[in-house]
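Quick note on labels: first sequence line is chain A, next is B, and so on, each numbered from 1.
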Protein chains: 2
Amino acid sequence: MTTGKGRKDLPTMMDVARTAGVSKSTVSRAFTQPGMLGAETVARILEIASSIGYVPNHTARALSTGRYGNVALVVPDVANPFFPPLIRAAQMEADRSDFCVFLGNSDESWRQEDKLVDRFLSQVEGLVLCASRLTDERIRAHALKRPLVLVNRDVPGIPRVLIDSAIGVHEAIAHLAELGHKHIVYVSGPASSWSNQQRRAAVRLGARQHRLDVSIVAARVPSYESGRAVVPDILATGATAAIAFDDLTAQGIMTGLADRGVSVPADFSVVGCDDVLGAATYPSLTTVSNRSDETGRAAMSLLLDMLGSRAVGDARVTLDTYLVVRNTTAPPPATRS
Amino acid sequence: MTTGKGRKDLPTMMDVARTAGVSKSTVSRAFTQPGMLGAETVARILEIASSIGYVPNHTARALSTGRYGNVALVVPDVANPFFPPLIRAAQMEADRSDFCVFLGNSDESWRQEDKLVDRFLSQVEGLVLCASRLTDERIRAHALKRPLVLVNRDVPGIPRVLIDSAIGVHEAIAHLAELGHKHIVYVSGPASSWSNQQRRAAVRLGARQHRLDVSIVAARVPSYESGRAVVPDILATGATAAIAFDDLTAQGIMTGLADRGVSVPADFSVVGCDDVLGAATYPSLTTVSNRSDETGRAAMSLLLDMLGSRAVGDARVTLDTYLVVRNTTAPPPATRS
DNA sequence: CTGTTAGCGCGTTCAC
DNA sequence: GTGAACGCGCTAACAG
């Protein structure tokens, strides 16, 4: 049925065809295969088109070609400073190939993420899932329907780009050990987060190598508030240094510490992850680097390659990290140890 | 024609219909008007559908109904910390009404923005343009085709939601005047930015009221680097305080000042705008508040209202601001004035 | 080089 | 309560 009367309808190919005295096909070709038409014909059609404000209907084109010209990008939290640079880079990379990008915010929930993916599936050619909270099975199921690229999530068989924070975390442990710390705490992030699992494992391994005691304190959601909230738990462990899941959490921890009169780094050392705050905090935060923009670009680029049917097999891109030493780490207080 | 052989095709309504022994229409109704069907029929169909992974094709539905179920959100720079909370809020508001949202990054370029809008037009029901860099005419032209909501851009006749930073800026001027400053400088943002024009005007007006000298220094793009780069120009004016277009610029200025051994706030006062950094900087930044998340939610909500054809006329929502005094402002050095 | 035809997947009148 | 037929705007065969 028609779209109704009151609605403002865009001019269609037919409108252009009529006022140009040609058939729809000709108009169509003027836009998709100009080489097949007379140069003047093309010019005239494009002229008329723009004069009446005609723009090819993306949707109708998609339906008939199966090429949607859209991709989807799903993240757990747009407002988490880790993601905006990634989103931006991915967006611009997609744009270079004239793709439109849907943005989804899963709000750290797998249900929401699953819903979004289903909604996107029928109007995109492929998707990038960042730090997906879905189960491996769901991811595989979705990947069966559309090309899929994962970011910071390691599912064998699914193309993925991973920020290998293990290296940076190892450096952080070594750094703390060298400073003389004997007992550290890892403040974890979301349980379903691959990055969190990787970092936790790296902390455990590094601690063993350097013969450090390590406690784990859980901050479910990576945020300033979470970090601030778990400070009592952190202090209760008796550790002299903390490695946080991310910078946001670390920043919250610093505030919580300050609230309790514990000064950083004199009384307690803090290390973040992701380097999203730059040197903005005071003291400036020692943290593990990241390259979220490169990650976003790489993931989108990989996806576009897949769409170009250039087979990509079981791609597994890895970006490594390093420790950025600033001013929140120092030897433990002399009274301790 | 068909989408080809090699392509992975989603299950269609027809597939569900066949394995359920009913017609396509019935399947369609099961999803859109369950009330018209037998309760058991509906259940069985939905069951089968999800078992074979069928999801209604958004695109085909859009084509036949004219309701795309999509909206677009365009911002100048996703990575500018002002926007992520806005994007997030807008995204979630749209999601509450089951809308998918396209994200566009205009990269501070009107050409890019125009291109994006055209690409979006034929697959969305409406759009939100944030801090648009387009001319009034272009905006009006686009608004003719699709419901449009502006953020921080004031075009009469087009629904818009504005953060009225004038109030906060006035407070900032009063604050500086009270501290004893006689000469201040406004570090401007993008020329085509409504917010920038508004802030500049507010600075001018406030300065006149308080009998302050005011110089203008231009930082084309709002960023850390820009702020840092214009510090020589700022110092050259002989002013004792600066109001920056935004927090990013302010942060850059603080760094540039530190590079030259000018200490804040003892030697020089700095005020930001947007309060995106929280108290993360050191000294913590005195700034003008913003409510970017509310703005995002309000804009999207307004757009959805328009789509629900609840006429909205010439809406002009305003969110006011106030000065957040922290630690980058103090009396000017005694040696001066 | 250009016009004609069929059909992408779905929603929706109509009949049954 | 359910099935058949048409059309949304466009592209891709097929003629000419």
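Ranking C:dT12, C:dC10, D:dG9 by closeness to the B:Q33 side chain, first place goes to C:dT12. You'll find that the side chain of B:V22 is closest to D:dG3, out of D:dC10, C:dC10, D:dG3. For B:S64, counting side-chain heavy atoms from C-beta on, the closest listed nucleotide (D:dG3, C:dG11, D:dA12) is C:dG11. In the set C:dG3, C:dG11, C:dC8, C:dC8 carries the atom at the smallest distance from any side-chain atom of A:L63.
Rounding to whole angstrom units, CE of residue A:M36 and C1' of C:dT2 are separated by 8 Å. One can place CG of A:N57 at 12 Å from P of D:dC8, the figure rounded to the nearest angstrom. What separates CD1 of B:I45 from P of C:dC10 is a distance of 13 Å, to the nearest Å. As rounded to whole Å, 11 Å separates atom C1' of D:dC10 from atom OH of B:Y68. Atom P of nucleotide C:dT2 and atom CD of A:E40 are separated by 8 Å, given to the nearest angstrom. For B:R61 and C:dC10, the CZ to P distance is 9 Å, given to the nearest whole Å. The NZ atom of A:K24 sits 15 Å away from the P atom of C:dC8 (whole-angstrom rounding). Atom P of nucleotide C:dG9 and atom CZ of A:R67 are separated by 16 Å, given to the nearest angstrom.
Aromatic rings from B:Y68 and B:F102 are positioned such that their centres are separated by 6.0 Å or more.
When side chains are defined from C-beta on, B:V16 does not count as touching B:K24, because their heavy atoms never get closer than 4.5 Å. In this structure, B:H58 and A:F120 have side chains that are not in contact, with every pair of non-hydrogen atoms separated by 4.5 Å or more. A heavy-atom distance below 4.5 Å is found between the side chains of A:R44 and A:V22.
For C:dT13, the base has a donor-acceptor partner in the side chain of B:R29 [N/O atoms by modelled type, under 3.5 angstrom].
At the phosphate of D:dC8, neither OP1 nor OP2 sits under 4.0 Å from any side-chain N or O atom of B:T65. Distances shorter than 4.0 Å separate some side-chain N or O of A:T41 from OP1 or OP2 on C:dT2. A sub-4.0 Å separation between OP1 or OP2 of C:dG11 and a side-chain N or O of B:S28 is present. At the phosphate of D:dC8, neither OP1 nor OP2 sits under 4.0 Å from any side-chain N or O atom of A:T59. In terms of phosphate contacts, B:T12 brings a side-chain nitrogen or oxygen within less than 4.0 Å of OP1 or OP2 of C:dC10.
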Show, in sequence, the C-alpha distance, side-chain angles and deciding distance for B:Q112 and B:N105, and conclude whether the side-chain hydrogen bond (donor to acceptor under 3.5 Å, both in side chains) test is met.
CA-CA 8 Å; B:Q112 172 74 357; B:N105 191 92; over 6 Å; no

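Among the heavy atoms of the strands lying under 4.0 Å from B:T32 are primed sugar atoms or P, OP1, OP2 only; no base atom is included. As judged by a 4.0 angstrom heavy-atom cut-off over every strand, B:Y54 is placed among residues touching the sugar-phosphate backbone only.
Comparing A:G21 and B:S25 by the nucleotide of DNA chain C whose heavy atom lies nearest to each, the residue mapping closer to the 5' end is A:G21.
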Expected list for residues 34-43 of chain A: side-chain donor-acceptor pairs under 3.5 angstrom, two or more places apart:
none

